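In each ligand, atom 1 is the first atom listed, and ligand 1 is the first ligand listed. Bear in mind the structure is a predicted one, so any value in this text is a computation, not a measurement.
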Amino acid sequence: MNSFTGQHILSVNQFDREAVEKVFSVADNMTPYAARHKRTTVLEGAILGNLFFEPSTRTRVSFGTAFNLLGGEVRETTGMSNSALAKGESLYDTARVLSGYSDVIAMRHPDIGSVAEFAQGSRVPVINGGDGANEHPTQALLDLYTIAKERQSFGQPIDGLHIAMIGDLKFGRTVHSLATMLSLFSNIKFTLVSPKDLGMPSKVCDVITSAGHELVISDNFEGLSEADICYQTRIQEERFESQEMANQYRGKFRLNQKIYTQHFKSQTVIMHPLPRDSRAEANELDNDLNIHPNLAIFRQTDNGVLVRMALFALILGVAHKVQDFDRAVHWYTNKHQN
Ligand code: CP
């Protein structure tokens, strides 16, 4: 991608390594605004259409927060039943209408390819906030940004990383997007741990192997002692035909303090795109790891704001003007300091 200005962000396949590093560099510059040390009004007057036709907490709210932190305003619709899609309106018509009200649109939809279809009708840039079991490109960017930061704290680059991806790799769109984006880097070892029926799609495995990376496929926690990142995922029960079918995988790859200590080295960083399923029987990422210093899940969510601010600034062509429109803030900000 040569320039972000005016572009849709629909797939990680649009990115080369240079484009990823450009987003990270702009995201770094957003730190004082996300930490509320300063505010900027560089997007004053701009409107984000935030359209979430599938449940979301952090993607929807962090897109809105990121836009507000740049001085723009947010108009939202949430849930299919609250929109005219429920009356049979096409994605094309919805896109024509809502792009007349917005300068940029973020969208999540349960169907694979739906956000790309919507973008064809849109008169403004569209960002994919997750299309069914397919992709979640901004999650991949924030995950990779988090990995870069965690690695920096050990004085290491992304290159040479060993990542273990664990859980529902079939329906988990975050791992599809992250594995593809990580494949832009050098000498990555992927260990993919899942039940046999929930393995990584072959098209993603092909991306990994054709880029020359090492790929190990497993259905247990053996051989993970040298993993730098443990990326845990939720069983995507909403993508199964029945609750019973999803339930058979519950708790299979439980990670808690004891299992973590038994199978991973002391520096292994624990990540999860969230939400984690904290109901009884799910047990995918236990609360007894909540205060572990290697648990990066809330650093991921904080980084989501930086990365989404960077994307908005790049897409709307103001990344170099953010500081020209900033000033100090006067309220209490201690809670935003890590
Ligand atoms: N990680 C993620 O997509 O979270 P939400 O479903 O809450 O947006």
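- Annotation: cation-pi geometry not satisfied between R239 and F171 (NZ/CZ under 6.0 angstrom from ring centroid, within 45° of ring axis).
- No part of T174 comes within 4.0 Å of ligand 1, judged by heavy-atom distances.
- One finds a salt bridge joining E54 and R173 here, because a Lys/Arg side-chain nitrogen approaches an Asp/Glu carboxylate oxygen to under 4.0 Å.
- For ligand 1, the polar-atom distance check against P275 finds no nitrogen or oxygen pair separated by under 3.5 Å.
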Please step through side chain to side chain donor-acceptor pair (under 3.5 Å) for the pair T146 and Q300, ending with a clear verdict. CA-CA 6 Å; T146 303; Q300 287 172 263; 5.5 Å; no

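- G130 does not count as a contact of ligand 1, since none of its heavy atoms falls under 4.0 Å from the ligand.
- The aromatic ring centroids of Y260 and H292 lie less than 6.0 Å from each other.
- Near L274, with a cut-off below 4.0 Å to any heavy atom, the atoms of ligand 1 are 1 (N), 2 (C), 4 (O).
- Proximity of H136 to ligand 1 is established by a heavy-atom distance of less than 4.0 Å.
- Ring pair F264/F221 is perpendicular by interplanar angle, where above 60° counts as perpendicular and below 30° as parallel.
- Near T59, meaning under 4.0 Å from one of its heavy atoms, ligand 1 places the atoms 2 (C), 3 (O), 4 (O), 5 (P), 8 (O).
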Would I127 and T138 count as a side chain to side chain contact (heavy atoms under 4.5 Å, CB included) here? Give the steps. CA-CA 8 Å; I127 305 176; T138 64; 3.6 Å; yes

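- For atom 6 (O) of ligand 1, the choice among R60, R108, Q300, R58 with the nearest heavy atom turns out to be R108.
- Of all the atoms in ligand 1, the ones that sit under 4.0 Å from a non-hydrogen atom of T57 are 5 (P), 7 (O), 8 (O).
- Using a 4.0 Å cut-off to heavy atoms of P273, the atoms of ligand 1 that qualify are 1 (N).
- Between the side chains of T174 and Q139, no donor N or O sits under 3.5 Å from an acceptor N or O.
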